Amino acid sequence: TNWGNEGAGVCNWYGVRCNGAEIVGLDLVNNNLMGTLTSISFHGYMVFLNVSRNQLWGSIPASYLSTPPASLKTVNLSYNRLNGTVPSLMLPNIFLSYNQLRGSVPSSG
């Protein structure tokens, strides 16, 4: 998996997708990830985050997706155990199905 292997460049880590040396996405579908979502720092080149089909629970922090970089186009949090209300999201593609969320996804404008 190369996670934590200091000799391997981050672009060689399992689930990390790069364009050249820039991280453009995390693809961690169906990896038995467990826990709550915490704030994540998206850098300017990030295009997608896919952590669907894991065992994530709790609410989506309001700061999590409220001001993503302009490059971020897709976030997939579906098939987890997330609950609470849907935060304001400013993304073209957001996938939240098969969770226990309340409310509606605001229109993007």
Side-chain angles (χ1 to χ4, degrees):
T1 63
N2 291 330
W3 282 86
N5 180 352
E6 292 185 28
V10 72
C11 289
N12 292 316
W13 292 1
Y14 175 83
V16 175
R17 303 292 180 254
C18 293
N19 182 8
E22 300 296 335
I23 298 172
V24 295
L26 292 177
D27 191 5
L28 299 171
V29 176
N30 204 19
N31 276 276
N32 291 317
L33 299 175
M34 290 191 241
T36 59
L37 291 173
T38 58
S39 292
I40 188 168
S41 178
F42 293 108
H43 63 81
Y45 298 103
M46 193 80 153
V47 176
F48 72 92
L49 170 68
N50 190 347
V51 291
S52 65
R53 297 184 181 274
N54 283 289
Q55 298 177 43
L56 303 174
W57 63 82
S59 62
I60 301 171
S63 62
Y64 191 69
L65 298 170
S66 59
T67 55
S71 63
L72 189 63
K73 303 296 182 215
T74 302
V75 171
N76 190 340
L77 302 173
S78 61
Y79 291 93
N80 281 288
R81 293 183 287 155
L82 300 171
N83 58 35
T85 58
V86 176
S88 263
L89 305 167
M90 305 307 275
L91 292 171
N93 301 298
I94 181 79
F95 300 93
L96 301 171
S97 60
Y98 297 96
N99 284 289
Q100 290 84 46
L101 298 166
R102 302 185 302 279
S104 60
V105 176
S107 63
S108 60

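Treat the numbers as computed from the prediction; the structure is a model and nothing was measured.
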Any donor and acceptor pair, going by atom type alone, linking the side chain of Asn50 with main-chain N or O of Leu28 inside 3.5 Å? no

Test side chain to side chain contact (heavy atoms under 4.5 Å, CB included) on Leu77 and Phe95 and set out the steps. CA-CA 6 Å; Leu77 302 173; Phe95 300 93; over 6 Å; no

Stepwise side chain to side chain contact (heavy atoms under 4.5 Å, CB included) test for Gln100 and Trp57: CA-CA 9 Å; Gln100 290 84 46; Trp57 63 82; over 6 Å; no

Residues Cys11 and Gly20: closest non-hydrogen pair is SG-O, 3.9 Å

Just by distance, do the side chain of Asn93 and the backbone of Thr74 share a donor-acceptor pair under 3.5 Å? no

Does Leu72 share a hydrophobic cluster with Leu37, counting links as ILVMFWY side-chain heavy atoms below 4.5 Å and allowing steps through other members? yes

Report the distance from atom CG of Leu33 to atom OG of Ser52, rounding to the nearest 0.5 Å. 10.0 Å

Ser71 versus Met46, closest heavy-atom pair with distance: OG-O, 2.7 Å

Is the number of heavy atoms from other residues, nucleotides or ligands within 6.0 Å of CZ (Arg53) greater than 12? no

Grab the two heavy atoms, one from Asn99 and one from Leu82, that are nearest each other, plus how far apart they are. OD1-N, 3.0 Å

Which heavy atom of Met34 sits nearest to which heavy atom of Leu56, and what is that distance? C-CD2, 4.3 Å

Is it the case that over 12 heavy atoms from other parts of the model lie below 6.0 angstrom from the OH atom of Tyr45? no

Contact check, side chains of Leu96 and Val75, non-hydrogen atoms, under 4.5 Å: no

Asn76 side chain vs Ser78 backbone, donor-acceptor pair below 3.5 Å: yes

Between the side chain of Thr85 and the main-chain N/O of Gly103, is any donor-acceptor distance below 3.5 Å? no

Check whether any side-chain heavy atom of Val51 lies under 4.5 Å from a side-chain heavy atom of Leu26, and answer yes or no. no

Asn80 side chain near Tyr98 side chain, heavy-atom distance below 4.5 Å: no

Please test Gln55 against Asn32 for side chain to side chain contact (heavy atoms under 4.5 Å, CB included), starting from the C-alpha separation and ending with a verdict. CA-CA 6 Å; Gln55 298 177 43; Asn32 291 317; 3.3 Å; yes

Quick one: do Trp13 and Ile23 end up in the same hydrophobic cluster if we chain Ile, Leu, Val, Met, Phe, Trp and Tyr together by side-chain heavy atoms under 4.5 Å apart? yes

Looking at Val10, is its backbone amide N or carbonyl O close enough to the side chain of Asn12 to form a donor-acceptor pair, meaning the two atoms are under 3.5 Å apart? no

Polar contact flag, side-chain donor to acceptor under 3.5 angstrom, Tyr79-Asn30: no

Counting heavy atoms not belonging to Asn83, are there more than 12 under 6.0 Å from its CG? yes

